[in-house]
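Everything on this sheet refers to the single structure shown next.
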Amino acid sequence: MLAHAILSGLVFGCYFTLVGLGLNLIFGVMRIVNLAHGDVVMLGAFAAFWLFALIGLHPLISSVIVLAAFALLGLPVYYLVVPRLLAARDSEMLSIILFFGVQQIIEALATIAFGTSERSIPGRVLGRGPLHVLGQTLPVAWIVSAAVSLLAVALVYLYLYRSRVGTLTRAVMVSRDEALASGIDVHRVSALAFAIGVALAGLAGVFSPFMLGSATPAMGGDVNLAAFAVIVIGSLGDPRGTMLGGLIYGVALMLMQTYMSAWANLLPNLLLIAVLLVRPTGLLGRQVRRA
Amino acid sequence: MLRRIVVCLLAIACVAGARGAWAQQSRPADERLGGCFDGYLDKAQTAQATAPQPGEPAAPAEIRIGHLHASSGPYASISMPVYLGLKLWVEQMNAGGGVMVKPFGRKLPLRLISYDDQSNPGTAATLTNQLITQDKIDLLIADSGSVLTAVSVPIAREHKMFLFDPTGTGAAFFSKDNPYIALLADPVSTVWPRFLWEFLKSDVAAAGLTRVAILYSTNDFTGTQAAAIRAALKAPGSPVQIVFDQGVPTSTSNYAVLIDNIAAAKPDVVLELGYVGNDIAFLRNLQESGTKFPMVFTLYPGIETSTLLKNAGQAGLSGVFSYVTALAYSYPPEVGMTLEQFRDSWEKSYAKSGVEFGWNAIAGYVTGLVLGQTLACTNSLAQLDVRKAVFSLSGKLKTLIGTFELNEQGAQIGELTPIGQIAPEGKDGIHFTVVYPPAMANGKPIFGTK
C-alpha cells in the first residue's frame, strides 16, 4: 500500500506540477494572481472533450492544438488586461479581484454553453490496460499524462534557462523596474509569459479528464486550490519549486488517501498553512530572490 | 484604483444578475390532473373543493413556490435536473390554467421563484431565509441532495414553514419533533439500501461472497446509506464480514490508490457510495487499474444512467450492480405522465440545455406532482394544513416512481428501488437485469464479471 501510494503520488504530482506551472509563471513574471487559472484548465478539458466527441481527435493531438490556441488567446487577453493592472498601485490585490470576476464569468458562460453534467474522454484512448511499474500497477493514462507534464516542465525550463528570451523573462522576474531601465521590452516578455501560462493551463486541462475522473464547469475552484498549494509549497515564481511542490502535493495526497482518507480534502489547506507558517517564501524561496 | 475595483465588482454583479435572471425564469401554466386526488377523495369532497365556501379567504393571484437550485458547483449535475423537472411540471400546470387549490375552490396559476445557491450551503441558507421572509412564498422546496437540503431544514422549522424535500435523504432531517418536512422522491437513506443489504446477506452470501468493502463519500446522503448498510451487515447472525470501511471527501476525484487499498483487504464485494462525479472517477479508475472484484456496487449507474454511460462507458459499467430506478423499471402511474411521456416532454423542452435526463429529472417532476395533489387536498395554506395534506397522500399516491409513502417523521419509505446488474446491450448501450428482491427479479446475478 505504501509503495503504491508513493508511486501514484509521484505520477499524480507530475500532473499537478503542470497544473501549477502556468499559474506560477504568470505570477513570477507579472506578480499578478490569476484566480481564473482553474477555469482555464476547465476550458482546456472541454476543448479536448469536444474535439474528441465531435471529430474523434486524439487527446495528444488535441493537446498541441489547445497549446497553440490558448497561447494565441492569451496574447490579446494580456494586452487587454494586464498592462492596466500593472499600472495600478496594488496590482496583486487588484488582480485577485479582477480575475475572480473573470473566473465567475468563465464558469457561468461554460455552464450555459456546456451544461452541468460531467464530461470525460475514455481512458483507453491513451492506451489500454494498466502498466506495471516497480511492482505496482498504474493506469496508462496516468503515465502518459505525467510524461506530457514532465515534457512541458522540461520545455519551460529550457525556455527560461537556455534561451535569450528566457533570460529576459528571468530578468523581469527578478525586478521589473530594473529590467525596464535596462531596455528590456517588459511588455513583450510578459505577454509571452502570460500566453505560455495560459497555454500550460489549457494543456493541463486536456489531461484532467484522465487524472480527475471527469470535467465540469465547476471544477475550476478545486483545481485552483490545488494549484495554489503546489506553487506556494515550492515557492512563488520558480518553476523548479513548482515541480517540487507538485511532487510533495501528489505524494502527500495519496498518503492521506491511504491512511486518513476522510481528511484528504484538508490537505491543500494544511500544506498552505504549514508552509506559510514555517517557510513563507516556499521551499525554494531564497533562490528565487537571488535568481 | 477605486474605479477599477468598482468595475470589477460590477462585472461580478452582472454575472450574478444574469445567472439569477436565468435561474428565476418562471412562467404561468395548468393542472391536467384536476381537483383532489381521485384515488381517495370521494366525489362529495371533490365537489366541495371546487365550490367556493362562504367565509373563505380571498384567493391570491397566484401560488408562490419558493425553490433553490444549483446551476454551478459540485451539486449542479444533480440539482439542475430536479429544477428543470419541477419547472416542466409548473409550465404544464400553468398552460392548463393553473393548479386546483382546494381552499379557494378554483385553479390558480403557479409562480416558481427559484434562486441559484451555486452549490454553496451558506448561500442556500441565506436564500431559504429570503424566500420565506422576503418573497413570502406559499410553499417551500429545498434544493436537491442532502448537503444543500441540510441547511434549509432548521430554517424552515424555525419559521414553521413546511419543507418539501425532493431528494435530501439524510436521516437526521426527520425527527418526531419536526413536523415541517417530508421527503418526496427518494427513500430515506436508512431505508433506501434495504434491498441491498438483504441481497448481500442472502443471494450474495449464498454464492460464497461474504467479505464486503465499503467506500463512501462523507456527506449526509452516502454517509447515512453507509451507516445503515454497516449496521445491517454487522447485525447478529449476519453471514457477511466487513473487511474495509472508509470514508472519503465528496470532492474526491481520484480512486486509484483507494482501489489498491481495497484490493489489499481481499474483499468479495465492493460497495462504492458517492455522488455522480465520485462514481465516474471510481469506475474509470477501476477499469484502468485492471483490478477485479467478484461484485461491485455503485449508486449512480441506476440513478443518472445516461451521464454514467457517457463517462464510464459500456465496458466500465458492464457487470456493475446498482439501484434500478424508474428509468429502467416501469411503475404504472395513477397520477401524472408515464416515463415515456415525461421523457418526450423533457426532450422537447431541454434537449439542448446540457442537462442530462435521469432519475433526478423524474424526482423534480414527482415533486411537482406531490405539490399539485397537496394543493388539491389541503384545507388551507396554513403550513400544518399543508403537512396534513401531504401526509394524507401517503400510501395512496402512485406516480411513475412507485408508491409515495411517508413514515410519521416525514421520511419517504415507499419508492424503494430494486437491485439490478448492468449488462452490455448493442454496441454502446447497457440494460439492467433486476436481481433482487425475488418478487421483482427478472434475472439472476452473475458474479465475477467486474
Side-chain angles (χ1 to χ4, degrees), chain A residues 1 4-5 8-9 12 84-85 88-90 93-94 97-98 100-102 104-105 107-120 122-124 129-130 136-142 208-214 216-219 221-222 253-255 257-258 261-266, chain B residues 1 4-5 7-9 11-12 14-16 18-19 22 70-74 76-77 79-81 118-119 215 218 246-258 260-261 264 276-278 280-282 284-285 287-291 304 306-307 310-313 315-316 353-356:
Chain A
M1 276 176 18
H4 192 270
S8 299
F12 208 68
R84 294 166 189 231
L85 206 55
R89 196 184 305 162
D90 188 358
M93 186 62 207
L94 199 54
I97 298 170
L98 176 72
F100 175 72
V102 172
Q104 295 287 306
I105 291 169
E107 188 181 332
L109 292 177
T111 302
I112 292 167
F114 308 135
T116 54
S117 300
E118 289 78 0
R119 313 276 180 177
S120 56
R124 66 174 186 277
Q136 306 297 322
T137 55
L138 293 171
V140 176
W142 279 36
S208 66
F210 305 106
M211 302 302 285
L212 307 177
S214 58
T216 70
M219 65 187 279
D222 286 343
L253 180 67
M254 294 307 168
L255 289 175
Q257 277 200 347
T258 301
S261 60
W263 301 90
N265 63 338
L266 279 180
Chain B
M1 180 171 162
R4 290 200 179 94
I5 292 174
V7 169
C8 292
L9 292 175
I12 294 167
C14 284
V15 175
R19 279 181 166 187
W22 180 64
S71 75
S72 59
S77 64
S79 176
M80 285 305 289
Q118 299 175 24
S119 299
L215 179 65
T218 48
Q246 273 193 26
V248 293
T250 309
S251 59
T252 301
S253 60
N254 194 297
Y255 285 82
V257 167
L258 291 159
D260 187 68
N261 296 347
V276 184
N278 303 116
I280 291 170
F282 174 80
R284 283 175 62 104
N285 286 163
Q287 191 186 5
E288 290 162 6
S289 71
T291 308
E304 295 295 338
S306 174
T307 304
K310 284 180 180 173
N311 287 279
S353 67
V355 179
E356 295 287 343

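So you know, we letter chains A, B, ... as the sequences are listed, proteins then strands, and number each from 1. All figures in this text were calculated on a predicted structure; none of them were measured in a lab.
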Report the distance from atom CZ of R284(B) to atom CE of M211(A), rounding to the nearest 0.5 Å.
->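 Reported to 0.5 Å precision, the distance equals 11.5 Å.
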
Spacing of CG belonging to N311(B) relative to OG belonging to S214(A), to within rounding of 0.5 Å =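 Atom-to-atom, N311(B):CG and S214(A):OG are 5.5 Å apart.
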
Please flag which part of [X] lies under 4.5 Å from any non-hydrogen atom of chain B: side chain, backbone, both or neither.
X       : value
M219(A) : neither
S117(A) : both
P217(A) : neither
F210(A) : both

Please look at A256(B) and chain A and tell me whether the side chain, the backbone, both or neither of the residue comes under 4.5 angstrom of a heavy atom of that chain.
->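 Contact with chain A is through both the backbone and side chain of A256(B).
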
What residue in T116(A), L109(A), L266(A) has the most heavy-atom pairs under 4.5 Å with chain B?
->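 Heavy-atom pairs under 4.5 Å are most numerous for T116(A).
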
Among A262(A), G115(A), A110(A), which residue forms the greatest number of heavy-atom pairs with chain B at distances under 4.5 Å?
->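 The answer is A262(A).
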
Heavy-atom distance under 4.5 Å between the side chains of Q257(A) and T252(B), does that happen here?
->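 When only atoms from C-beta onward are counted, T252(B) and Q257(A) do touch, with a gap below 4.5 Å.
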
Which heavy atom in [X] sits nearest to a heavy atom in [Y], and how many Å separate them?
X       : Y       : answer
S289(B) : T137(A) : O-OG1, 4.1 Å
A218(A) : S72(B)  : CB-C, 4.4 Å
N261(B) : T258(A) : ND2-CA, 3.2 Å
G277(B) : E118(A) : N-OE2, 3.8 Å

With chain A, which of A76(B), S253(B), A281(B) has the greatest number of heavy-atom pairs at distances under 4.5 Å?
->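 That would be S253(B).
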
Show your reasoning for whether side-chain hydrogen bond (donor to acceptor under 3.5 Å, both in side chains) applies to Q246(B) and S261(A).
-> CA-CA 7 Å; Q246(B) 273 193 26; S261(A) 60; 2.8 Å; yes

